[in-house]
Amino acid sequence: MTEMGSPGRPRGAFGSSGRGQLFSKDTQAIFFNWKQLPVQRMLDFDFLCGRATPSVAVIVQPGSHGGFQKLFFGREEIAIPQVGSIQEATAAFPKADVFINFASMRSAFESSFDALKQATIRVVAIIAEGVPERDTKQACAPCTGHELIAYAQENNKIIIGPATVGGVQAGAFKIGDAAGTLDNILACKLYRPGSVGFVSKSGGMSNEMYNVLSRAADGIYEGIAIGGDAFPGSTLSDHCLRYQHIPQVKLIVVLGEIGGQDEYSLVDALKSKRITKPVVAWVRPVRQPPLLLFFVLGTCAKLFKSEVQFGHAGAKSGGDAESAQAKNAALAAAGAIVPGSFEELEGTIRKVYGELRAAGVITPAAEFAPPVVPMDLAMAKKTGKVRAPTHIVSSICDDRGEEPTYCGVTMSELIENDANVGDAISLLWFKRRLPRYATKFIEMCVVLCADHGPCVSGAHNTIVTARAGKDLISCLVSGLLTIGPRFGGAIDDAARYFKQACDAGQEADEFVEGMKRKGIRVPGIGHRIKSKDNRDKRVELLQRYARKHFPSTRYLDYGISVEEYTLQKAANLVLNVDGCIGALFLDLLNSVGMFSPQEIQEVVDIGYLNGLFVLARSIGFIGHALDQKRLQQPLFRYPWDEVLYTK
């Protein structure tokens, strides 16, 4: 990219010697405040235009610590670097001289001014709408006495916006979402340069006009939407003056709006012969669809007795001079070609373009087939172009509607019916709405198994980890990793062996002795501190509840018969809480009438029941971790006299 009339870097579009085109096929940008879609649209446009390098050099995401964002450049997936500050970006990518600011209206001013202060930045595009006027036109402390626009002008820098979609140089570079979708870009032939320089306040109407210009002429060379705010960083006349100095621009088309005095600067430029190229101009109201334009543009706006705003902040009808009629008349008097109505605009452009072409001023742009931008998988799936397998399968929940559901039951329904933890488990684990006595039993298991003191292995590990200063998740995991056949992991095995023996009709002694011959301890039997004369209260509570509410306790009764036999061998070989829960869960699954024998076997085989212990004991482990942190306990170390040192 070169400054008009001299080699090297352009000094700015609006300075005395810096007039010319803003972009080229080598232009690269710094994109501020990561947004996936506009960046991908820029890269798709790059590929369509045959660029060798992506137009986005780096992404600035405030507060980030490096990294990258994955995007597509044609058929290849690429990584665009990401940094945390504008200073980092400009230092690492000094050739990126366009700053595209997608910050919100609250922070757009500060980041834009920061970018303008960087020596390498030449053009700043401010996308946000609603940037306070004081931030663009008035002096304030962060500006060290300079208003944003004045600072840019004094330093030969260019602002597009605020409240803009940006701009596009056909076949070379575009800003963010300018020109809209890929289909619109192709329809408007923006992948190759035309002969028209276009400028407007409205981004939406710019997209429509690009289409008009591709039909009535050979398309645009460059198009800019200056933005609809009352104090844009650059004006209609600024860009028209640039187009006067771009040799490839043969025809200038301007779409103005009611309100403000911007169009009169263009009138002065035409009268003073600073613009001598043909100008087709039309002043219209803001944000009105073409079929409604006739209602407002020269007829109703002047009927209002006070200032009226139409859509954009800058589109205020503040008097006769700012009306569409007055501006169109002044432009026509200055030498612009002004159609009689908006409906005549396309025909007027076609006529002027035809005359320039007949006079040999314009040689129509050569047509060619641009490369095909591959369709994104999501769009291809949406349009039925491809079939793609899913990555995971879920049958227990759905978060796609207005509210999440557990196995088809909405959150609202659960809360309205006073659902408990057992209800959630029944839906998410068993995919059924179990009866209240069953969900109450599940909740009892969670409550009774939540903790068993600080001395058991899981709690001990959790405590040691907490005292080592580790985070809560690490403390919890260290405790959970101790759960297994010897600690808390016997529920599944107890259910499996009790079920196998009971269903086979084995007597208790036959079952126990058979396990002994195989060298297998009977799961669910035995306790370190509980015994025949010191029963586990948890087991008693569960048995009492089951006998009161369960239709059948066949497997519990079998477990008790096994206990009666093992107590003859040793007083501590009692039915423990693992064995009791395992047996009672078999009774629950068989008695509710919702599970087939195959489904019950699957519950036991997969490991559902140990999940209850894991869930319950997580509550206790978290409690121990928080307790140690609250008590500010120091690093744990065993004293020497509690260790047997042996050879």
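Values below: all heavy atoms of this structure, side chains included; hydrogens, waters and symmetry mates excluded.
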Requested in this report: Name the orientation class of the two ring planes belonging to Phe102 and Phe31 (parallel below 30°, tilted from 30 to 60°, perpendicular beyond 60°).
Outcome: parallel
Query raised in the report: Is the backbone N or O of Gly20 less than 3.5 Å from a side-chain atom of Arg242, with the two atoms forming a donor-acceptor pair by type?
Result: yes
Query raised in the report: Do the side chain of Lys25 and the main chain of Cys49 share a donor and acceptor less than 3.5 angstrom apart?
Result: yes
Query raised in the report: Looking at the rings of Tyr243 and Tyr221, which for Trp means the six-membered one, are their centres under 6.0 Å apart?
Result: no
Query raised in the report: Are any non-hydrogen side-chain atoms of Pro278 and Leu356 less than 4.5 angstrom apart?
Result: yes
Query raised in the report: Looking just at side-chain N and O atoms, do Glu110 and Ser107 make a donor-acceptor pair shorter than 3.5 Å?
Result: no
**Report entry** Shortest non-hydrogen contact between Ala108 and Ala128, atoms and distance
**Finding:** CB-CB, 4.1 Å
Query - pair Leu236-Leu266: side-chain heavy atoms closer than 4.5 Å - result: no
Query raised in the report: Just by distance, with hydrogens left out, do Asn328 and Glu263 show a side-chain donor and acceptor under 3.5 Å apart?
Result: no
Query raised in the report: What heavy-atom pair brings Ile149 and Phe231 nearest, and what distance separates the two atoms?
Result: CD1-O, 3.7 Å
Requested in this report: Please identify each residue that fulfils salt bridge (charged side-chain N to carboxylate O under 4.0 Å, His left out) with Asp398, with sequence neighbours left out.
Outcome: Arg400
Query - Leu71 and Gln36, any side-chain heavy atoms less than 4.5 Å apart - result: yes
Query raised in the report: Looking only at atom types and distance, does a side-chain atom of Asn207 sit under 3.5 Å from a main-chain N or O of Ala179, one as donor and one as acceptor?
Result: yes
Requested in this report: Mind listing the closest non-hydrogen atom pair of Pro364 and Asp218 along with its distance?
Outcome: CA-OD2, 3.8 Å
Query raised in the report: Within the distance-only criterion (no hydrogens, no angle test), does the side chain of Lys327 pair as donor or acceptor with the backbone N or O of Gly260 below 3.5 angstrom?
Result: yes
Report summary line: When every non-hydrogen atom of Asp26 is compared with those of Arg51, the smallest separation belongs to C-NH2, 3.9 Å
Query raised in the report: Looking at Ile258 and Ser323, what are the two nearest heavy atoms and their distance?
Result: CG2-C, 4.1 Å
Query raised in the report: Taking side chain as C-beta onward, heavy atoms only, is Val386 less than 4.5 Å from Met375?
Result: no
Query raised in the report: Under a 4.5 Å cut-off applied to non-hydrogen side-chain atoms, are Trp34 and Val39 in contact?
Result: yes
Report task. Drop me the distance from Thr53's OG1 to Gln28's CD, to the nearest 0.5 angstrom. Result -> 4.5 Å
Query raised in the report: Between Thr164 and Ile127, is there a donor-acceptor pair closer than 3.5 Å when you use the side chain of the first and the backbone of the second?
Result: no
Query raised in the report: Would you find a donor on one side and an acceptor on the other, under 3.5 Å apart, between the side chain of Asn101 and the backbone of Ala103?
Result: yes
Report task. Answer yes or no: are there more than 12 heavy-atom neighbours, outside Arg357 itself, under 6.0 Å from its atom CZ? Result -> no
Query - Residue Glu77 excluded, over 12 heavy atoms near CD under 6.0 Å - result: yes
**Report entry** Rounded distance [0.5 Å steps], CG in Leu345 versus CZ in Arg284
**Finding:** 11.0 Å
Query raised in the report: What's the spacing between Arg41 CZ and Thr181 OG1 if we round to 0.5 Å?
Result: 6.5 Å
Query raised in the report: Does a side chain donor of either Ser237 or Thr235 reach within less than 3.5 Å of an acceptor in the other side chain?
Result: yes
Query - Non-hydrogen side-chain atoms of Ile78 and Pro54 separated by less than 4.5 Å - result: yes
Query raised in the report: Does the Lys385 side chain pair with the main chain of Lys382, one donor and one acceptor, at a distance under 3.5 Å?
Result: no
Query raised in the report: Arg215 side chain to Arg350 main-chain N or O, any donor-acceptor pair under 3.5 Å?
Result: no
Query - Polar side chain donor-acceptor pair, Gln82 to Gln61, under 3.5 angstrom - result: no
Query raised in the report: Is a donor on one side and an acceptor on the other found under 3.5 Å between the side chain of Ser234 and the backbone of Ile159?
Result: yes
Query raised in the report: More than 12 non-hydrogen atoms from neighbouring residues, nucleotides or ligands closer than 6.0 Å to CD on Glu367, yes or no?
Result: yes
Requested in this report: Kindly assign one of parallel, tilted or perpendicular to the pair Phe73 and Phe47, based on the angle between their ring planes and the thresholds 30° and 60°.
Outcome: perpendicular
Query - Side chain proximity check, Ile226 to Asp262, heavy atoms < 4.5 angstrom - result: yes
**Report entry** Lys174 side chain vs Phe45 backbone, donor-acceptor pair below 3.5 Å
**Finding:** no
Query raised in the report: Do you see a donor-acceptor pair shorter than 3.5 Å between the side chains of Ser265 and Asp268?
Result: no
Query raised in the report: Taking all non-hydrogen atoms of both residues, which atom of Trp282 and which atom of Ser341 are closest, and how far apart?
Result: CH2-CA, 3.6 Å
**Report entry** Heavy-atom side-chain proximity of Glu222 to Gln248 below 4.5 angstrom
**Finding:** no
Query - Heavy-atom neighbours of Lys351 NZ exceed 12 at 6.0 Å - result: no
Requested in this report: Check whether the side chains of Thr276 and Gln244 place a donor and an acceptor atom closer than 3.5 Å, and report yes or no.
Outcome: yes
